[in-house]
Q: 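Quick one: the structure is below, and I'll ask about it shortly.
Quick note on labels: first sequence line is chain A, next is B, and so on, each numbered from 1.
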Amino acid sequence: MSLGFQKQLNILDYGLASLWRRKTKNICVIIVFSLVIFLLSSFQFLTGALTSVAEKTLRFAPEITVQRMVAGRQEQIPLAYVAKLQNIFGIRGVEPRIWGYHFSTVTGANITVLGLTSFDKRLEKSLLVGRLPRFGQAGEVVLGQGVVRDLNLQNRRKFALFRPDLSQKTFTVVAEFKPESELLTADIMLMSMADGRDFFNMSSDFATDLVVQVANPAEIENIARKIGQILADTRVVTRPQIQKTYSLVFGWRSGFGSVCLLTSLAAFIILAWDKASGMTPEEKREIGILKLLGWQTSDVLAVRFYEGFAVSVLALVLGCTLGYVHIAFFEGVLFRPLMFGWSVLTPNLQLSPEIHLTDVLLVTCFSVLPYLVATVIPAWRAASVPPDSAMR
Amino acid sequence: MIMIVLKDLCKIYNKGQVNEVAALSGINLQIRENEVLCLKGSSGSGKSTLLAIMGCVFPPTSGVAEVGGKKLSRLPDRFLTLHRRGLIGFIFQQFNILPQLTVLDNVMVPLMVLGYPPVARRKKALAILKRLGVSHRADFPASQVSGGELQRVAIARALVNNPAIILADEPTAHLDHKLSLSFLDFMMELKEEGKTIILTSHDPLVADHVCVDRIVEMADGRIISSCS
Ligand SMILES: Nc1ncnc2c1ncn2[C@@H]1O[C@H](COP(=O)(O)OP(=O)(O)O)[C@@H](O)[C@H]1O
Ligand SMILES: [Mg+2]
């Protein structure tokens, strides 16, 4: 083993021993430090997990939606509009959709009712437990987890809701949306188009809106523009626009949260700085004595570096692990109110945070680095003067 | 052979500032290998400062200081440290033992940066503690050891890397008569081994001891007399 390497081991040995001698103080520092990292990493993991859930679910959103606007409000769209779009080059299919909101005064549930389009068939494998409603089978529905809870269905598969004219319509549950997608599917009740029309008492010449499928995804914006030109009284919404809106909402929320967390982190750093830079006379004397006994300035700094490194890496591992457990096994309970405040039905989704290297790096940059700087810089100041004061 | 050469040596603390102090001026001194020198003088006469320069703690402000064949003037801190740790052993007035470490750990401190692996440095440190008769205190925290024993630990630490020069600043100031005598006897032993020793003291007991070859008296940062 080389002399230099053995020397570094010895310095590490000295640093760890001196940490151990002040274990009460250092354990306190590690606990506070871990807590801060726990908050920061929880937040980072939660944002990541939510974004990936939203992205996965939104992948099934229609590429283009065409809504009819009358006096700035959305109105039913005549089915005759479908024919007008058929000739645009690049459109693979146009389909009318039936959807709307239902508020049950009995249960207080707020439900988003969706009529099934052929487009939604893609949902089957990935988001459902069960099967889609069959054509011609009246009353079959797929429910989001929030609806199941709000209607208090438990294991009952049949229930009834009131139409606008207060007549009753009965439904049979044939599937539920998977809990993972709850962020976006919690309040959804999916049924056949015919059932949707029946439930909302809609005329068969109209639909709520039209969805357009495009042959080449790169052409989405282009085709949307053409549709807008042909159907002057419509608003055309594209999937990228929806995705952008979602990421803006999350982005704003996580931005706001990050600011709060960074503030607390800054407080911690100032605390750490204060603690480390206010070196006690004993610590200064120790540095002087080590230097008199032949330790280089760099050796003294290495001691402080190893100490700071051990403390902060321990806190990092502890904090990140706790953060992961918090998100993966406790569904991020502490941050619930912040992230879901906008949702009507409180979603109860299971999150599986993926650990991204960038997240961990970010957390490291805002925790380990400042702590190391706060421990090493004061020692450097004390160690870079001749040690004669220790002789007196 | 000459171990230490000082020519027209000056040391000014805080040069150019309002609290400027001329601690040493015009010092000329040569110390032979294996010589035992006693620096005498009242408090503030510059003894500690001179010892610090001979111990490569900082370079002189002006003049020549040659220690162990190496010129110190304008040598950066890094090289002073490198030179110091192989050549010089310090014994301080207040012992300068690190109270939070054990006796053994204190003695091993100089060996750590010399790259000694744990077993070797332990063996070396225990051997020197044994020679000074304090090996039974090896695993005691340094804060729980008596004054006389503490000085032995300090001597052990100064000797552990086998330096050619021993520098002791007021080594007997905190010792009673009996302990002072046994310290000086041990210095005699070291002299017989060929060490060069420089002591500072205003205790006549030190100046009069048989081990001392030469007494140099200082006042106001100058040498006022020298007698063998
Ligand atoms: N680090 C320092 N900064 C400023 N002045 C100092 C410093 N060290 C010593 N002095 C001054 O230098 C002079 C010599 O001090 P010193 O060498 O300690 O003398 P002695 O050891 O003989 O008592 C004194 O006037 C002292 O106040
Ligand atoms: Mg002095």
Q: What is the distance from atom CG of Leu292(A) to atom CZ of Phe92(B), rounded to the nearest 0.5 Å?
A: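 Leu292(A) atom CG to Phe92(B) atom CZ measures 4.5 Å (nearest 0.5 Å).
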Q: Less than 4.5 Å apart, side chain to side chain, heavy atoms only: is that true for Leu290(A) and Leu98(B)?
A: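 Leu290(A) reaches Leu98(B) side chain to side chain.
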Q: Tell me every residue that passes salt bridge (Lys or Arg N to Asp or Glu O under 4.0 Å) with Glu66(B), counting only those two or more places apart in sequence or in another chain.
A: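 Result, salt bridge (Lys or Arg N to Asp or Glu O under 4.0 Å) vs Glu66(B): Lys71(B).
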Q: What residue in Pro117(B), Cys56(B), Pro99(B), Ala158(B) has the most heavy-atom pairs under 4.5 Å with chain A?
A: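 Highest number of pairs under 4.5 Å: Pro117(B).
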Q: Mind listing the donor-acceptor pairs under 3.5 Å that bridge chain B and chain A?
A:
{"residue": "Asp77(B)", "atom": "OD2", "partner": "Lys291(A)", "partner atom": "NZ", "Å": "2.8"}
{"residue": "Arg78(B)", "atom": "O", "partner": "Gln296(A)", "partner atom": "NE2", "Å": "2.9"}
{"residue": "Arg84(B)", "atom": "NE", "partner": "Leu292(A)", "partner atom": "O", "Å": "3.3"}
{"residue": "Arg84(B)", "atom": "NH2", "partner": "Lys291(A)", "partner atom": "O", "Å": "2.7"}
{"residue": "Arg85(B)", "atom": "NH1", "partner": "Gly294(A)", "partner atom": "O", "Å": "2.9"}
{"residue": "Gln94(B)", "atom": "NE2", "partner": "Arg392(A)", "partner atom": "O", "Å": "2.1"}
{"residue": "Asn96(B)", "atom": "OD1", "partner": "Arg285(A)", "partner atom": "NE", "Å": "3.4"}
{"residue": "Asn96(B)", "atom": "OD1", "partner": "Arg285(A)", "partner atom": "NH2", "Å": "2.4"}
{"residue": "Asn96(B)", "atom": "ND2", "partner": "Ala390(A)", "partner atom": "O", "Å": "2.4"}
{"residue": "Val109(B)", "atom": "O", "partner": "Trp295(A)", "partner atom": "NE1", "Å": "3.1"}
{"residue": "Met112(B)", "atom": "O", "partner": "Asn10(A)", "partner atom": "ND2", "Å": "3.0"}
{"residue": "Tyr116(B)", "atom": "O", "partner": "Asn10(A)", "partner atom": "ND2", "Å": "2.8"}
{"residue": "Arg121(B)", "atom": "NH1", "partner": "Asn10(A)", "partner atom": "OD1", "Å": "2.7"}
{"residue": "Arg121(B)", "atom": "NH2", "partner": "Asp13(A)", "partner atom": "OD2", "Å": "2.9"}

Q: Please classify the contact between Leu80(B) and chain A as side chain, backbone, both or neither, with a heavy-atom cut-off of under 4.5 Å.
A: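 Neither part, no heavy atoms under 4.5 Å.
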Q: Taking all atoms of both residues into account, what is the closest heavy-atom pair of Val113(B) and Gly294(A), and its distance?
A: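 That would be CG2-O, 3.6 Å.
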